[in-house]
Amino acid sequence: WWQVDLENLYTVSALNISFLKAEHGIFKIELSKDNVNWESLSDTIPDTVSKDMKLKISKQIIGRFLRITFTDENTNPVIKEVEVFGKTQY
């Protein structure tokens, strides 16, 4: 998994994720206010043939910590860059 502390509370509206290779495997995206209790921002994202993914998030969840968890044990994904877009809550 990969995780980042956004250092403030946000409602995340979109993510841009760039991978080193197009074969990155299946993953899910979660958000947490306290780094303990996690809420799903999206359903499981299937493996695609694209190195760059632009994801719009329709759920209105507030959180500080964002986590990407890879669920496919047969892949070794490498993230190059993650851009997080949203509105601060405070």
Side-chain angles (χ1 to χ4, degrees):
W1 52 267
W2 176 88
Q3 181 176 315
V4 64
D5 180 352
L6 301 172
E7 298 183 359
N8 203 340
L9 292 174
Y10 289 89
T11 301
V12 176
S13 59
L15 288 170
N16 292 343
I17 306 171
S18 295
F19 295 94
L20 187 61
K21 297 179 182 179
E23 300 80 24
H24 49 72
I26 300 167
F27 62 94
K28 63 182 178 178
I29 302 166
E30 299 168 294
L31 198 61
S32 172
K33 290 179 184 173
D34 58 8
N35 203 22
V36 175
N37 301 298
W38 294 89
E39 292 185 67
S40 177
L41 275 181
S42 67
D43 294 328
T44 302
I45 310 295
D47 195 4
T48 64
V49 293
S50 174
K51 290 195 288 186
D52 300 312
M53 297 189 76
K54 296 180 185 292
L55 304 169
K56 291 192 177 196
I57 307 298
S58 59
K59 293 184 178 180
Q60 297 292 307
I61 299 173
I62 298 170
R64 173 177 170 163
F65 301 91
L66 183 121
R67 178 169 69 186
I68 300 172
T69 304
F70 296 92
T71 59
D72 187 350
E73 296 177 6
N74 297 320
T75 60
N76 189 16
V78 177
I79 296 175
K80 286 190 344 184
E81 181 177 23
V82 176
E83 292 178 287
V84 181
F85 301 91
K87 281 182 104 169
T88 184
Q89 296 302 308
Y90 299 103

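Note that the structure is a prediction, hence the values are computed from the model and not measured. Numbering of residues begins at 1 and proceeds along the displayed sequence.
For CD of Glu83, the number of neighbouring non-hydrogen atoms (other residues, nucleotides, ligands) closer than 6.0 Å is greater than 12. Other residues, nucleotides and ligands contribute only 12 or fewer heavy atoms inside 6.0 Å of the CG atom of Asn76.
Between Phe19 and Phe70, the ring planes lie perpendicular to each other; the angle is over 60°, past the 30° to 60° tilted range.
In this structure, the separation between CZ on Arg64 and CG on Leu31 is 12.0 Å, given to the nearest 0.5 Å. Here Glu7 contributes atom CD and Thr88 contributes atom OG1; the two are 11.5 Å apart, rounded to the nearest 0.5 Å. Glu81 CD to Lys51 NZ: the interatomic distance, rounded to the nearest 0.5 Å, is 13.0 Å. Atom CH2 of Trp2 sits about 10.0 Å away from atom CD1 of Ile29, to the nearest 0.5 Å. Atoms NZ and OG1, on Lys87 and Thr11 in that order, are 8.5 Å from each other to the nearest 0.5 Å.
Clustering ILVMFWY residues whenever any of their side-chain heavy atoms sit less than 4.5 angstrom apart, transitively, puts Ile68 in a cluster other than the one holding Phe85. The same ILVMFWY cluster, assembled from side-chain heavy atoms under 4.5 Å apart, contains both Leu66 and Ile17. In terms of hydrophobic clustering, with Ile, Leu, Val, Met, Phe, Trp and Tyr side chains grouped at heavy-atom distances under 4.5 Å, Leu55 and Val82 are assigned to a common cluster. Phe65 and Ile57 sit in two unconnected hydrophobic clusters of ILVMFWY residues. Membership requires side-chain heavy atoms under 4.5 Å apart, directly or through other members. In the hydrophobic cluster analysis, where Ile, Leu, Val, Met, Phe, Trp and Tyr join through side-chain heavy atoms closer than 4.5 angstrom, Met53 is grouped apart from Leu20.
Lys33 places a side-chain heavy atom less than 4.5 Å from the side chain of Ile62.
Using modelled atom types, no side-chain atom of Ser18 and backbone atom of Asp52 make a donor-acceptor pair closer than 3.5 Å. A donor-acceptor pair under 3.5 Å is absent between the side-chain atoms of Thr69 and the main chain of Lys28, judged by distance alone.
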